[in-house]
Amino acid sequence: MTSGTPQLSLYNTLTRKKEPFVPIDAANVRMYACGPTVYDFAHIGNGRMAIVFDLLFRLLRQVYGPDHVTYVRNITDVDDKINARAARDFPGLDLNEAIRKVTEKTAAQYQSDVTALGCLEPTIQPRATDNIEQMQTLITALIKRSHAYEANGEVLFEVGSMPDYGKLSGRNPEDNLAGARVAVDAHKKNPADFVLWKQSSAEEPGWDSPWGRGRPGWHIECSAMSERYLGQLFDIHGGGLDLIFPHHENEIAQSRCAHGTHAMANVWMHNGFLQVEGEKMSKSLGNFFTIAQLLETTDFGGRKWPGEVLRLAMLMTHYRQPIDFTVAQLQLSEAKLKQWYEAVFEHSPMPTSWWEHLNGTGAYLPPSQELIAALSDDLNSHLALSFLDRTARPSSASEAAQLASDLHFLGFDMESFWETCRLAMGEITDKGEIDGLVAARGEALANKDFATADRIRAELAEQGIALMDSKDPETGERRTKWEIKR
RNA sequence: GGCCUCGUGGCGGAGUGGUGACGCAGCGGAUUGCAAAUCCGCGUACUCCGGUUCAAUUCCGGACGAGGCCUCCA
């Protein structure tokens, strides 16, 4: 970290305060985010989480260097919901084979979804099923240290064995009992005790273990995978707000009790939820949208939405605030994005032009200090974007190049934008052809042949090209620029 | 019932103990063959009630309101 870099501070759910971020090892900053359970398409709320932690990943890479950050996002591919889905979708198949089909297909879909949202690939994406042995090792340690017990064929974590259980969520087991619909199982010592390992029937997926053939509970996998790839104590652990309890609480209990450590991760970060048009997103309200649906169908607002537009809409609100996801918000995002891109395009900062840059080798500049400063304040993405608004009227090619680089840093790429535009442009794909028509119109105008001039303008408009005239401030000559409209 | 967030102009949303961030929309003007774009100007917002203070939207307390978690839902 150079001396000019602003201090990074992050809100820590554990302390309910914004704190300066101090990495355990600046040469290897380690973060973990709970990834998808791969049984169905990811919805736009899952997308928000991916974007938030992608932004953090990008910021950390900028501050500490791209080779000094490890980002682990797991794939949960063992889960009873997956089993149910596999049995439903592939009734003829052997269950394990059906499960593999479901998880592979869903994991691939997730990857393509979040890539469309501009998310970098995490450093490591471990699968739960590749880490069963590590989970068993953890469970064995918990039993040995008297934090877990076997009952009724299950292995359970004993909440009462950990004095500060509930610290993250600010609750203690007694509080929960009053209104909670916690099933009181006779075999549990405490109703809040949770499953580490459960038995599988012959048809269910299972692994041999000291406690019989079975499968892991939901929480243990993140404890196992984070330890394997990040160690017993790492820097940042993130996820959605709803994971605070019970998932993260239980992860902390498992990891700390198994290792005898005082902490699992130093900073716990949670992103807020999103609503859709003012209502909670739910299947029953009919306002439940998957990422793929927004990208590929016209279900939301009667049209498809580019991934970058969805990304910008998410970043317009601070990650801890609730977002009201609306068509109006997406339209505003698209307009902004278009304005920024066009500002860059106008100055064509590359030696040739962005068109050539599409195939080529442009190098981006480091992001603006103001941008990094805004994000360093607990990922204040809206403030960062308002900085872009202020630089969105570049007066020189170098300013335009800086704007392009800032956009690139935030995960918005000129390349994909122009690809999308090319598709929208229809017949005309050659910039020279457009320039020729613009010149022909200029000639017609010089001869006061407005009919011809307007015909050319109308033809271009049909191809999705809008022309705009302006006066050169120096010479008073007509200048015509064009842009792609959608 | 317990716990956690949050309440800023038509909208999205920063921020601050004392001159109304920024963007979108809107209004007025300049420019213009027309159109669009562009440029200039315009808003007097901080849920309510107390308290602290010379001064509160900002700090403290309370009320009201919204949302969330306590159900393997991000």
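In what follows, chains are A, B, ... by sequence order, proteins preceding strands, each numbered from 1. As a basis for the values below, the full set of heavy atoms in this structure was taken, side chains included, without hydrogen atoms, waters or symmetry mates.
- No contact: A/Leu385 has no heavy atom under 4.0 Å from any strand.
- Among the protein residues, A/Thr76 comes within range of no part of the nucleic acid, since none of its heavy atoms lies under 4.0 Å from any strand.
- A/Asn190 places a side-chain N or O within donor-acceptor distance of the main-chain N or O of A/Ala192, the cut-off being under 3.5 Å.
- Here A/Phe450 packs flat against the base of B/G33; its ring centre is closer than 5.5 angstrom to the base's six-membered ring, tilted by less than 30 degrees.
- Residue whose closest nucleotide on RNA chain B sits further toward the 5' end, between A/Phe387 and A/Gln329: A/Gln329.
- The nucleotide whose nearest atom lies closest to any side-chain atom of A/Asp377 is, among B/C72, B/G15, B/C6, B/G15.
- Checking A/Glu204, A/Glu221, A/Glu154 one by one against A/Arg215, the salt bridge (charged side-chain N to carboxylate O under 4.0 Å, His left out) holds for a single residue, A/Glu204.
- For the P atom pair drawn from B/C39 and B/C22, the interatomic distance equals 15 Å after rounding to whole Å.
- Taking only side-chain atoms of A/Asn46, from C-beta outward, the nucleotide of B/C6, B/A74, B/G33 with the closest atom is B/A74.
- Under a 3.5 Å cut-off, the side chain of A/Asp77 and the backbone N or O of A/Thr129 do form a donor-acceptor pair.
- Atom CE of A/Met314 is separated from atom P of B/A74 by 14 Å (rounded to the nearest Å).
- For A/Leu332 and B/G23, the CG to C1' distance is 7 Å, given to the nearest whole Å.
- Counting any heavy atom pair closer than 4.0 Å across all strands shown, A/Asn380 reaches sugar-phosphate atoms only and no base atom.
- Residue A/Pro246 has its side chain nearest to B/C72 when only B/C72, B/C24, B/A14 are considered.
- B/A63 and B/G26: their P atoms are spaced 43 Å apart (whole Å).
- Across all strands shown, B/U5 pairs with B/A66; the Watson-Crick or G-U wobble distances both stay below 3.5 Å.
- For A/Asp469 against B/C34, a side-chain-to-base donor-acceptor contact under 3.5 Å is present.
- Rounded to whole Å, the C1' atom of B/A14 lies 11 Å from the corresponding atom of B/G23.
- Nearer to the 5' terminus of RNA chain B, by closest-nucleotide assignment, is the contact made by A/Thr317 (compared with the other of A/Thr317 and A/Lys336).
- By the 6.0 Å and 45° rule, A/Lys17 does not stack over the aromatic ring of A/Tyr11.
- Between the CD atom of A/Gln321 and the C1' atom of B/G7 there is a distance of 10 Å, given to the nearest Å.
- Going from atom CD1 of A/Ile244 over to atom P of B/G2 covers 19 Å, rounded to whole Å.
- Under the Watson-Crick or G-U wobble criterion, with both distances below 3.5 Å, B/C34 is left unpaired in every strand shown.
- For the P atoms, the distance from B/G17 to B/C49 is 23 Å, rounded to whole Å.
- Evaluation of atom-type donor-acceptor distances gives no pair under 3.5 Å for the side chain of A/Arg390 against the base of B/A21.
- Nearest to the side-chain atoms of A/His382 among the listed nucleotides B/G12, B/G67, B/A36 stands B/G12.
- Nucleotides B/A25 and B/G43 place their C1' atoms 13 Å apart, quoted to the nearest Å.
- Out of B/G67, B/G23, B/C34, the shortest distance to the side chain of A/Gln275 is found at B/G67.
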Derivation of the ring-ring contact (aromatic ring centres under 6.0 Å, His included) call for A/His219 and A/His248: CA-CA 8 Å; A/His219 311 296; A/His248 288 165; 9.5 Å; no
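- The base-pairing partner of B/C54, taking Watson-Crick or G-U wobble contacts with both distances under 3.5 Å, is B/G18.
- Between the C1' atom of B/C3 and the CG atom of A/Leu241 lies a distance of 12 Å, rounded to the nearest Å.
- With distances taken from any side-chain atom of A/Leu383 to the nucleotides B/C34, B/A14, B/C72, the minimum falls on B/A14.
- Across B/G61 and B/C4, the matching P atoms stand 13 Å from one another, rounded to whole Å.
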Distance-only check: which donor-acceptor pairs under 3.5 Å involve side-chain atoms of residues 111-120 of chain A, not counting sequence neighbours?
{"from": "A/Gln111", "atom 1": "OE1", "to": "A/Gln125", "atom 2": "NE2", "distance (Å)": "3.0"}
{"from": "A/Gln111", "atom 1": "NE2", "to": "A/Thr115", "atom 2": "OG1", "distance (Å)": "3.3"}
{"from": "A/Ser112", "atom 1": "OG", "to": "A/Gln109", "atom 2": "O", "distance (Å)": "3.4"}
{"from": "A/Asp113", "atom 1": "OD1", "to": "A/Gln109", "atom 2": "NE2", "distance (Å)": "2.9"}
{"from": "A/Thr115", "atom 1": "OG1", "to": "A/Gln111", "atom 2": "O", "distance (Å)": "2.7"}

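- At a threshold of 4.0 angstrom between heavy atoms, the contacts of A/Gly217 with the nucleic acid are absent.
- Note on A/Arg457: a base of the nucleic acid sits closer than 4.0 angstrom, heavy atoms only.
- A donor-acceptor contact shorter than 3.5 Å links the side chain of A/Thr123 to the backbone of A/Tyr71.
- When the nucleotides B/U5, B/C22, B/G33 are ranked by their closest atom to the side chain of A/Asp389, B/C22 comes out on top.
- With a 3.5 Å ceiling on both atom-pair distances, the Watson-Crick or G-U wobble partner of B/G26 is B/C42.
- For A/Phe288 and A/His43, the distance between ring centers is under 6.0 angstrom.
- Out of B/G33, B/C4, B/A74, the shortest distance to the side chain of A/His43 is found at B/A74.
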Stepwise salt bridge (Lys or Arg N to Asp or Glu O under 4.0 Å) test for A/Arg478 and A/Asp469: CA-CA 7 Å; A/Arg478 177 192 293 268; A/Asp469 295 336; 2.4 Å; yes
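- Remark: C1' of B/G13 and CZ of A/Phe325 are 17 Å apart, rounded to the nearest angstrom.
- Atom pair A/Ile323:CD1 and B/U5:C1' shows a separation of 15 Å (rounding to whole Å applied).
- Aromatic stacking of A/Phe273 on B/G68: not satisfied for centres closer than 5.5 Å together with planes under 30 degrees.
- Look at the C1' atom in both B/G67 and B/G18: the space between them is 34 Å, to the nearest Å.
- Atom NE2 in A/His248 sits roughly 11 Å away from atom P in B/A74 (whole-Å rounding).
- If you check B/A21, B/A36, B/A74 against the side chain of A/Asn271, the one that comes closest is B/A74.
- In this structure, the nucleotide among B/G23, B/A14, B/A37 sitting nearest to the side chain of A/Met468 is B/A37.
- In the interface, the side chain of A/Arg320 is not paired with the base of B/C4 through any donor and acceptor atom under 3.5 Å apart.
- Nucleotides B/A45 and B/G15, compared at atom C1', are 13 Å apart to the nearest Å.
- Within the structure, a side-chain polar atom (N or O) of A/Lys280 is placed less than 4.0 Å from OP1 or OP2 of B/C69.
- With hydrogens and angles left out, the side chain of A/Asp324 and the base of B/G12 share no donor-acceptor pair within 3.5 Å.
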